[in-house]
Amino acid sequence: MENQKVLETFEQMVGKEFVQTEEAILQEYATDITGLRMVQKHFGWKSENLAQCIVKIHTKEEAVEVLQFLNQEKIVSVPRTGGSGVCLGLETPKGSVVLDLSEMNEIIEINEENLTVTTQAGVALERLEKVLNKKGYTTGHFPQSLPLAQMGGLVATRSIGQFSTRYGGIEDLLVGIEGVLPDGELVRIKNIPRKSTGPDLRHIWLGSEGTMGVITEVTVKIFPMMEERCMQAYAIDSFHTGLAIIREIVQAGWKPAVTRLHDETEAAESYGPFMQPGESMLLFLSEGPKGYATLEGNAIQAVVEKYGARALGSKPLELWLKHRNDICDHLDMYAKQGAVADTCEISAMWSDIGKIYTEVLERAKAEVPHLVAITGHSSHSYEQGTNIYFMMGAMCAPKVEAAQKTYDQLFGIIMETTLKYNGSICHHHGVGRYRAKWMKQELGSAYPMLEKLKMAFDPNGVMNRGVLLPVDEK
Amino acid sequence: MDQVLSADWVVQEDQTIDLSYANRVINTYDEQGLETMLRLKDADPNCSTIAMTLGTKETESMLTKALALQVEKAIRIDGETAISQPPQAVARILCAGIKKIGEVDLVLCGRQASGSENGQTGLILAELLGWPCISLVTEVLKRDDRLVILHQVDEGIEEVVMGGPVVLTMTQSADHFLRMATLRDMMDAKKKSIIHWRLEDLKELQSVKEAAGASLSRIFTIEERKKCVMVEDAEEFADRMIEEMRRVSKSEGVGL
Ligand SMILES: Cc1cc2nc3c(=O)[nH]c(=O)nc-3n(C[C@H](O)[C@H](O)[C@H](O)COP(=O)(O)OP(=O)(O)OC[C@H]3O[C@@H](n4cnc5c(N)ncnc54)[C@H](O)[C@@H]3O)c2cc1C
């Protein structure tokens with residue numbers, strides 16, 4: 001169907017004012033906030049692959065109609081909500097259609113008996129959290145992108161928050177979900193605390209990154225605000241000792257909501273006056289019903305003291321709490337300084353995580369010519385392992401291609417090293433288009449399962465093509 | 001200063017504020033000055049570059065950063081840059097330092113410090129040097145032997161073309177950010193030495209206190225007079241307004 005007819009069809013479906021075609025807006029929607037694109041934009045990058053239009057969806061009925069039409073016409077679409085993705089998952093293939101659900105933003109029900117909240121996909125997490133706080137509840141979900149992300153995107157990327165040891169990732173919080181499949185079928189998975197009725201279908205949506213359909217509504221857990229908090233920070237002689245401490249605490253059964261270990265560079269950068277040269281920083285925040293936080297706090301203290309950690313009080317935690325999401329106000333800060341900078345989060349078992357950290361730092365320092373910094377912290381821990389969130393930056397010639405080369409080199413080192421030690425190439429940002437090229441190695445013999453799933457749900461390959469599975473593969 | 005909690009901006013008995021836990025970073029305006037100097041050097045490799053600060057040993061980390069960014073010389077003049085140090089005294093010391101350096105054509109300072117925010121040091125410094133001063137500068141270019149200086153005025157941006165010597169106080173501009181030092185340059189810079197002058201080394205300087213002409217007698221917080229209520233959403237705002245008007249009208253005996 002010719003472009004004009006496509007636009008007219010959408011205008012009939014959702015209203016003329018909700019179909020946008022201005023080039024400047026299409027350019028704005030052509031990508032997400034991946035560090036690579038931030039610096040490339042600074043060097044003059046413009047997308048050559050613009051969508052043909054942006055369709056703003058306000059109801060599930062509209063979503064059904066739009067998806068049916070797209071499937072029938074075999075037009076690729078890119079669903080989006082907050083636009084805070086960082087893996088090129090929102091990058092528009094040429095002539096595609098962006099499905100913007102950010103105005104589908106009603107908080108449908110706060111259920112105080114079952115402790116759930118049901119929202120439309122475009123509800124901003126920060127707004128939801130504020131509304132819940134007023135009633136004495138919290139989502140328990142605090143990604144650093146709290147001021148940016150929305151409910152649909154959070155589920156679609158398998159996001160995680162800074163208080164994850166206590167509250168879990170979004171997969172632990174999602175109770176029920178509704179979405180539209182690529183052929184336009186509206187499906188709902190009802191709210192149930194747990195069940196044994198075959199595979200958990202919620203997991204098709206969790207981490208689907210727009211490739212399996214469009215999420216329209218979600219029900220997530222809520223929690224009463226905790227009565228007690230205990231905050232403690234410690235300096236420790238090495239990152240590896242810090243990892244051992246966290247392992248011991250978590251494996252003993254404690255769940256300090258915030259459990260963080262910053263390596264010596266990050267510790268010096270953010271908490272300089274507290275640190276001695278070479279020390280890493282451990283941050284613990286325990287919260288729970290009365291009595292719990294103190295009990296957990298004492299148990300943590302006993303473990304860290306055994307390892308000779310130096311107590312620093314609660315001030316570093318207060319600073320962290322206050323400033324933890326500041327970056328959202330100046331996302332392109334490093335790009336403006338001409339640096340190729342980004343973050344990359346991986347995970348691995350306890351037996352391997354330390355090796356990955358050390359080798360990534362060694363390789364980056366030896367191989368990347370104009371490295372500014374490479375640092376790491378562990379921020380989400382489990383009985384079996386933890387994540388490392390690498391932050392890296394390097395200078396390059398102020399050219400789009402040079403930025404790509406530097407970025408690929410930095411990222412490549414992390415991906416290769418992680419795979420070498422059987423880690424996962426992505427702990428919570430999602431795969432997007434950028435990491436899809438490593439998915440075969442990531443999934444190994446399970447890769448065909450993902451291919452078959454995609455084939456079954458989206459045989460025409462119209463949903464966010466190129467995300468999760470590289471485009472030449474499927 | 002980086003990351004200071006608002007609750008900690010409390011003046012203590014000795015007129016100081018305890019910021020000991022706060023990381024020291026180069027403030028935004030000084031970064032503008034530094035980047036402007038580096039850009040002038042990029043354009044004209046023959047000009048020489050010096051970073052100078054007044055401060056305690058801890059401030060040397062900022063000079064090391066300047067050296068890593070390829071500033072040729074770094075000088076630290078010994079002294080307290082506490083909030084209690086009046087700008088007259090700071091300018092006096094910097095003036096003596098600049099005179100000791102000798103031939104200087106251009107001095108770039110930040111428009112104000114992040115602690116005291118006096119916004120006077122650059123202007124007083126120019127006065128003491130007997131040079132012109134242009135404030136709120138966003139960009140400096142070199143054209144032939146002249147400086148093209150863009151600075152903020154009430155009506156917008158003014159362009160001034162002039163020769164040195166001149167003192168400029170720098171402010172932010174949308175696309176001017178301090179470049180980053182690579183890890184290698186940072187490591188090399190740590191091996192470079194920073195020139196250290198004590199106040200006694202500065203011949204021009206007699207008595208800082210005397211020269212300052214003023215000394216700080218008290219810092220205090222102005223007592224809050226008005227009571228504000230922050231209301232975030234529009235619906236709540238309307239409800240609160242009506243409630244408040246009812247309350248006032250009741251207490252003043254007016255019908256509503
Ligand atoms: C500064 C910063 C900090 C961050 N910190 C964290 C963090 O702490 N934890 C974390 O997990 N992530 C973090 N992220 C990444 C990002 O915020 C998350 O991936 C977030 O979940 C994306 O939500 P969004 O609403 O912005 O989604 P978008 O960016 O709009 O979309 C992300 C992906 O989800 C798909 N999608 C969006 N909406 C739908 C829908 N309704 N149906 C189907 N698919 C959809 C899109 O196609 C895309 O593939 C951070 C990002 C930034 C920029």
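Heavy atoms only: backbone and side chains are in, while hydrogens, waters and symmetry mates are out. For clarity, every value in this text was computed on a predicted model and none was experimentally measured.
- Within the 4.5 angstrom heavy-atom criterion, only side-chain atoms of B/Glu236, from C-beta onward, approach chain A.
- There is no contact between A/Ala394 and chain B, counting heavy-atom distances below 4.5 Å.
- In this structure, the portion of B/Asp8 lying under 4.5 Å from any heavy atom of chain A is its side chain and not its backbone.
- Of all residues in residues 366-373 of chain A, those placing a non-hydrogen atom less than 4.5 angstrom from a non-hydrogen atom of chain B are A/Pro369, A/His370, A/Leu371, A/Val372.
- Annotation for B/Met241: atom CE does not count as buried by contact number, only 12 or fewer foreign heavy atoms lying within 6.0 Å.
- Heavy atoms of other residues, nucleotides or ligands lying less than 6.0 angstrom from NZ of B/Lys192 number more than 12.
- Using a 4.0 Å cut-off between charged nitrogen and carboxylate oxygen, A/Lys134 and B/Asp233 count as a salt-bridge pair.
- A cation-pi arrangement, defined by a distance under 6.0 Å to the six-membered ring centre and an angle within 45 degrees of its axis, is present between A/Lys315 and B/Tyr21.
- Taking a 6.0 Å sphere around CD of B/Glu159, one finds it holds more than 12 heavy atoms contributed by other residues, nucleotides or ligands.
- Looking only at distances, no side-chain donor or acceptor of A/Gln337 sits under 3.5 Å from a matching main-chain atom of B/Phe177.
- Taking every heavy atom of both residues into account, A/Pro273 and B/Ala22 meet most closely at CG-O, 3.3 Å.
- Contacts of A/Lys336 with chain B are made by both backbone and side-chain atoms, with heavy-atom separations under 4.5 Å.
- Remark: B/Leu183 CG to A/Thr265 OG1 distance equals 8.0 Å, nearest 0.5 Å.
- Remark: B/Tyr29 engages no residue in a ring pair (Phe, Tyr, Trp, His ring centres under 6.0 Å) (not counting sequence neighbours).
- Residue contact with chain B, scored on non-hydrogen atoms closer than 4.5 Å, involves the backbone and the side chain of A/Lys365 alike.
- Heavy atoms from other residues, nucleotides or ligands lying under 6.0 Å from NZ of B/Lys73 number 12 at most.
- Heavy atoms of other residues, nucleotides or ligands lying less than 6.0 angstrom from OH of A/Tyr334 number 12 at most.
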